[in-house]
Amino acid sequence: MRLNNKNKAGYFNFLSTLVIMIFMFGVAAFLLEYFVYDYFGWEQWLFLLVPFGCAALFYARGRQIFEYDSDGEALNFKNRNVVLFLNKNLSDEFPKYKLLKYEVMNVIFLKRLYVTVSSKKGHGITLRYDVSYLTKKEMTDLKFSLNKVIKSNKEQKREHNS
């Protein structure tokens, strides 16, 4: 199964540009209010706090583009950011039989996928992916595919041990 939201990259670029512009206009309005006009009292700090809050919320949600591919014998995960200066790409590929478990952490505005993979030494390695920008249907499909791989792994272990 293949899953990606690359088709929304233009939308995320637009949102990112909008957030940066709102932040810049907020800083400019604050500086003008603070040094030139002085019409507002303590409310002038809202010109900084509101745009900063919007930018922090947008960027704290994590990488916007998520790609998943379970076709073949390997699982491929890719996670990247649309903002060029924040572009720390995350890409992992490993055989399906190494997948031990997964967990989706869902906080108010933040979703993370934690995938535990077995290593050569028998320890589990946990990989983290940002899935905040996936739709509910995409999340359901991803969970279904991962459950299918885990179920297949458990059946193969049972057959191997018998």
Side-chain angles (χ1 to χ4, degrees), residues 1-32 44-121 123-150 152-153:
M1 185 191 119
R2 292 178 186 224
L3 172 80
N4 69 48
N5 61 350
K6 283 194 293 189
N7 58 346
K8 297 178 188 174
Y11 171 72
F12 295 133
N13 271 330
F14 172 75
L15 275 181
S16 176
T17 304
L18 184 67
V19 164
I20 290 170
M21 288 177 59
I22 288 172
F23 183 74
M24 290 172 50
F25 285 130
V27 169
F30 171 77
L31 292 175
L32 280 173
Q44 68 191 358
W45 290 97
L46 292 176
F47 287 126
L48 278 182
L49 294 177
V50 171
F52 181 77
C54 291
L57 181 66
F58 182 75
Y59 294 115
R61 289 186 76 185
R63 297 174 184 94
Q64 291 87 15
I65 305 299
F66 178 78
E67 299 174 46
Y68 167 76
D69 183 10
S70 66
D71 294 343
E73 292 297 316
L75 293 174
N76 297 318
F77 291 92
K78 291 182 184 175
N79 215 186
R80 66 183 176 91
N81 207 328
V82 294
V83 181
L84 294 176
F85 60 88
L86 293 176
N87 205 5
K88 294 181 181 176
N89 291 341
L90 183 61
S91 178
D92 294 310
E93 181 176 346
F94 51 87
K96 286 183 179 181
Y97 67 86
K98 287 193 170 197
L99 180 65
L100 297 176
K101 65 179 181 174
Y102 76 95
E103 181 182 354
V104 177
M105 183 189 74
N106 193 358
V107 184
I108 297 169
F109 63 91
L110 177 71
K111 286 186 222 166
R112 296 276 158 90
L113 172 67
Y114 292 99
V115 176
T116 304
V117 183
S118 64
S119 68
K120 291 179 183 178
K121 296 181 180 180
H123 301 290
I125 298 172
T126 302
L127 305 170
R128 181 189 72 129
Y129 305 100
D130 300 315
V131 292
S132 297
Y133 293 98
L134 292 181
T135 63
K136 194 175 268 193
K137 182 186 181 329
E138 290 170 333
M139 281 301 296
T140 304
D141 292 345
L142 177 65
K143 289 177 184 179
F144 177 76
S145 178
L146 289 173
N147 282 332
K148 195 165 126 180
V149 171
I150 290 173
S152 171
N153 287 347

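What you are looking at is a predicted structure, and each value in this text was computed from that prediction instead of being measured. All values below come from the heavy atoms of this structure, side chains included, with hydrogens, waters and symmetry mates left out.
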Legend entry - Euclidean distance, Phe94 CZ relative to Leu127 CG, rounded to 0.5 Å: 6.0 Å
Inset, instruction - Test side-chain contact (heavy atoms from CB on, under 4.5 Å) on Ile65 and Asn4 and set out the steps. - result: CA-CA 7 Å; Ile65 305 299; Asn4 69 48; over 6 Å; no
Inset, instruction - Find out whether Asn5 and Leu134 are in side-chain contact, i.e. whether some heavy atom of one side chain is under 4.5 Å from a heavy atom of the other. - result: yes
Inset, instruction - Could you tell me which residues satisfy ring-ring contact (aromatic ring centres under 6.0 Å, His included) with Phe47, sequence neighbours excluded, listed by chain and number? - result: Phe40
Legend entry - Whether Phe12 and Tyr133 hold their rings parallel, tilted or perpendicular, with breakpoints at 30° and 60°: perpendicular
Legend entry - Asp92: partners by salt bridge (charged side-chain N to carboxylate O under 4.0 Å, His left out), with sequence neighbours left out: none
Legend entry - Sequence neighbours excluded - salt bridge (charged side-chain N to carboxylate O under 4.0 Å, His left out) pairs with any residue from residues 93-114: Arg112-Asp130
Legend entry - From Ser91 atom OG to Arg80 atom CZ, the distance as rounded to the nearest 0.5 Å: 11.5 Å
Inset, instruction - May I ask you to test the Leu113-Asn79 pair for a side-chain heavy-atom distance under 4.5 Å? - result: no
Legend entry - Option passing side-chain contact (heavy atoms from CB on, under 4.5 Å) with Tyr102 (candidates Ile150, Thr116, Thr126): Ile150
Show me the donor-acceptor pairs within less than 3.5 Å that the side chains of residues 22-30 make with the rest of the protein, sequence neighbours left out.
none

Legend entry - Neighbour count above 12 (heavy atom, 6.0 Å) for Met1 CE: yes
Inset, instruction - Go through the structure and list residues passing side-chain contact (heavy atoms from CB on, under 4.5 Å) with Lys137, not counting sequence neighbours. - result: Thr135, Asp141
Inset, instruction - Kindly say whether Asn13 contributes a backbone atom to a donor-acceptor pair with the side chain of Thr17 at under 3.5 angstrom? - result: yes
Inset, instruction - Take atom NZ of Lys78 as the centre, draw a 6.0 Å sphere, and report whether it contains more than 12 heavy atoms from other residues, nucleotides or ligands. - result: no
Inset, instruction - Measure the spacing between CZ of Phe58 and CD1 of Ile20 and express it to the nearest 0.5 Å. - result: 8.5 Å
Inset, instruction - Starting at CG of Asn81, measure out to CZ of Arg63 and round the result to the nearest 0.5 Å. - result: 7.5 Å
Inset, instruction - With the side chain counted from C-beta on, respond yes when Phe109 and Ser132 share a heavy-atom pair under 4.5 Å apart, and no when they do not. - result: no
Legend entry - Rounded distance (nearest 0.5 Å) linking atom CG of Leu15 with atom OH of Tyr11: 4.5 Å
Inset, instruction - Not counting sequence neighbours, which residues clear ring-ring contact (aromatic ring centres under 6.0 Å, His included) with Phe66? List them please. - result: none
Legend entry - Over all atoms of both residues, closest heavy-atom pair of Ser70 and Leu75: CB-CD2, 3.5 Å
Inset, instruction - Please check if any side-chain donor atom of Tyr97 sits under 3.5 Å from a side-chain acceptor atom of Ser118, or the reverse. - result: no
